[in-house]
Amino acid sequence: MNTRYAVMMAASMLAACAQDYTIANQAYSLYRQGTIAFDNGHYDTAEQMMLAATSYLGQDNSQLLVDSGSEYSSLECAKKCYVSREIYGNRVEYYPNEYLAKIRYQKKQLVIKGERLAKLDAPPRLKAELRLEDLDGNRILDAGETGMVNISVQNIGESRADELMFVFQSKLASLSIQPSQYNLASLEVGEKRHFEVSIKNHYGSLTQEGMVTMLAKERDQSLEGNTHLSLSTTLRAYRPPNLALTPLPDNKPITAGVKTMQEYQLCNHGQQSLYELSLGLNKQDIDSNYSKLEPEKIRLIKPSRCLIIQAYFRPDITLQERHRLTTGLIATDGNQTRQTLHLNSIISYASMEDLIYQQP
């Protein structure tokens, strides 16, 4: 009985091996037909053969172990096939999925070639507009100012524009552009798109004209119309801040040692806008553990404009009547230039006159 079982198992194993070799034969036959079709430029047939081969193998990196007595023993490999001799036979490796990628690339190139030929008679045509928007709205970039260039593009041609690339440049080192390149996958006939880039006039700039240039390119180099546009603006050289600080007349009296909130008017008396101001107190004669400003950051102050600043602090308890505070508000601009503005508030004990002192 044991002998009969062993014979049955051996027969089953032989049948399984025969089936494996049958599958291997079918897979490799399809693969080799695919390589021949590819070499002859029949890409659709090649793709079908490779897909059929992968359906048998079921994995990207497939290997066949070939017995030396089988029909594979004298196999001459097609392209993308590798043979190595081992003690048990020949090992054949081949990669149909690599060929699939190669086939599909060639098919895509044929489509692109056809589109290029069509564009010779009916090219895409670009209509483009550039518009500058700056923080203070005067269309002039002061030192430290960042503006936005709004770009509008439309395809008014007769065919689709593919893989559009817009490159932005300036001849001035003090004028930076971000991003310097913008890409569009495609622009259909009649389609309109909007995007923007930022331009900044750095603090080292001179007063001069600044030019931003946009170059438009297309994959097939068939683009017509506004492929080269320029935008001009005036750049101003840096000037140090000219700020003034004044206490508001309705502030409450300040008493030594007592917490207070005072409001001040901060005005820009300069001829240029100021950007990215940072504010702080130098705490000359106030409690260093209790002081705060609101706001502490100011993005923009235009010329001849004022802002209200709220200062929370506690004057030193030793200060005398009529003492004028020497604590200063320090304003630092984006160029790290500092200007110190004294609070000039005066200590007064008038608010304490109604208090009655009683001997304990």
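Every value quoted in this text rests on a predicted model; they were computed, and no experiment measured them.
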Practice task
Give a yes-or-no answer on whether the side chains of S345 and Y264 include a donor-acceptor pair shorter than 3.5 Å.
Solution key: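 Present: a donor and an acceptor within the cut-off.
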Problem - Distance-only donor-acceptor check, side chains E163 and N183, under 3.5 Å - result: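 On atom types as modelled, these side chains do not qualify, holding no pair under 3.5 Å.
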Practice task
Not counting sequence neighbours, list each pair that qualifies as a side chain to side chain donor-acceptor pair (under 3.5 Å) and has a residue in residues 166-179.
Solution key: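 Listed once each, the pairs are S176-H202.
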Starting at [atom1] of [X], measure out to [atom2] of [Y] and round the result to the nearest 0.5 Å.
X: T260; Y: K252; atom1: OG1; atom2: NZ; answer: 8.0 Å
X: I199; Y: T233; atom1: CD1; atom2: OG1; answer: 6.0 Å
X: L175; Y: L141; atom1: CG; atom2: CG; answer: 7.0 Å
X: L245; Y: I309; atom1: CG; atom2: CD1; answer: 8.0 Å
X: N155; Y: E224; atom1: CG; atom2: CD; answer: 11.0 Å
X: I298; Y: L307; atom1: CD1; atom2: CG; answer: 5.0 Å

Problem - Polar side-chain atom of T45 near backbone of A37 as donor-acceptor pair, under 3.5 Å - result: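 No, T45 side chain to A37 backbone: no donor-acceptor pair under 3.5 Å.
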Practice task
Take E47 and K107 through the salt bridge (Lys or Arg N to Asp or Glu O under 4.0 Å) test and state the conclusion after the steps.
Solution key: CA-CA 10 Å; E47 186 176 26; K107 289 178 70 175; 2.6 Å; yes
When you compare the side chain of [Y] with that of [X], does any pair of heavy atoms fall below 4.5 Å?
X: T340; Y: L329; value: no
X: M148; Y: V197; value: no
X: Y31; Y: M50; value: yes
X: L172; Y: L206; value: no
X: Q271; Y: R239; value: yes
X: M214; Y: L130; value: yes
X: L277; Y: T332; value: no
X: L135; Y: D142; value: no

Exercise for the section: Measure from NZ or CZ of K102 to the centre of the six-membered ring of Y99, then state whether that distance is under 6.0 Å and the direction lies within 45° of the axis. Expected result: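 Because its charged atom sits under 6.0 Å from the ring centre and within 45° of the axis, K102 does stack over Y99.
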Handout entry: Intermediate values then yes/no, side-chain contact (heavy atoms from CB on, under 4.5 Å), T213 and F168
Key = CA-CA 6 Å; T213 302; F168 298 89; over 6 Å; no
Handout entry: side chain to side chain donor-acceptor pair (under 3.5 Å) between D316 and T318, worked out
Key = CA-CA 6 Å; D316 192 286; T318 62; 2.6 Å; yes
Practice task
With side-chain contact (heavy atoms from CB on, under 4.5 Å) as the test, would you mind laying out the steps for L223 and R125 before giving the verdict?
Solution key: CA-CA 6 Å; L223 190 64; R125 179 176 290 273; over 6 Å; no
Exercise for the section: State which residue, out of K127, H194, R131, fulfils the side-chain contact (heavy atoms from CB on, under 4.5 Å) condition with S152. Expected result: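 Answer after filtering K127, H194, R131: H194.
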Problem - E218 and its side-chain contact (heavy atoms from CB on, under 4.5 Å) partner, picked from T227, L184, D162, L187 - result: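 Running side-chain contact (heavy atoms from CB on, under 4.5 Å) over T227, L184, D162, L187 with E218 returns exactly one hit, D162.
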Handout entry: K259 bridged to D287 by N-O distance under 4.0 Å
Key =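 Looking at D287 together with K259, the answer is no, because their closest N to O distance does not fall below 4.0 Å.
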Handout entry: Under-4.0 Å salt bridge between E191 and R193
Key =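 Salt bridge: yes.
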Exercise for the section: Kindly indicate, with the supporting measurements, whether the criterion side-chain contact (heavy atoms from CB on, under 4.5 Å) is fulfilled by F313 and I254. Expected result: CA-CA 10 Å; F313 58 89; I254 300 176; 4.1 Å; yes
Exercise for the section: Could you tell me how the ring of F195 sits relative to the ring of Y182: parallel (under 30°), tilted (30 to 60°) or perpendicular (over 60°)? Expected result: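 F195 vs Y182 ring planes: parallel.
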Handout entry: Identified side-chain hydrogen bond (donor to acceptor under 3.5 Å, both in side chains) partner of S278 from the options K297, E296, R338, Q336
Key =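 Answer after filtering K297, E296, R338, Q336: K297.
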Exercise for the section: Give a yes or no on whether Q284 atom CD has more than 12 heavy-atom contacts from other residues, nucleotides or ligands under 6.0 Å away. Expected result: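 Check passes, neighbour count above 12.
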Handout entry: salt bridge (Lys or Arg N to Asp or Glu O under 4.0 Å) assessment of E294 paired with K292
Key = CA-CA 7 Å; E294 291 183 357; K292 183 176 69 171; 3.4 Å; yes
Problem - Test log, rule side-chain contact (heavy atoms from CB on, under 4.5 Å), inputs L343 and L281 - result: CA-CA 9 Å; L343 298 184; L281 294 173; 4.3 Å; yes
Exercise for the section: Tell me whether Y203 is reachable from I301 by hopping between hydrophobic residues (I, L, V, M, F, W, Y) whose side-chain heavy atoms are closer than 4.5 Å. Expected result: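 No, it is not one cluster - the side chains of I301 and Y203 are not joined through contacts under 4.5 Å.
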Handout entry: Distance flag, aromatic centroids of Y290 and Y312, threshold under 6.0 Å
Key =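 Not close enough - the centres of the two rings lie 6.0 Å or further apart.
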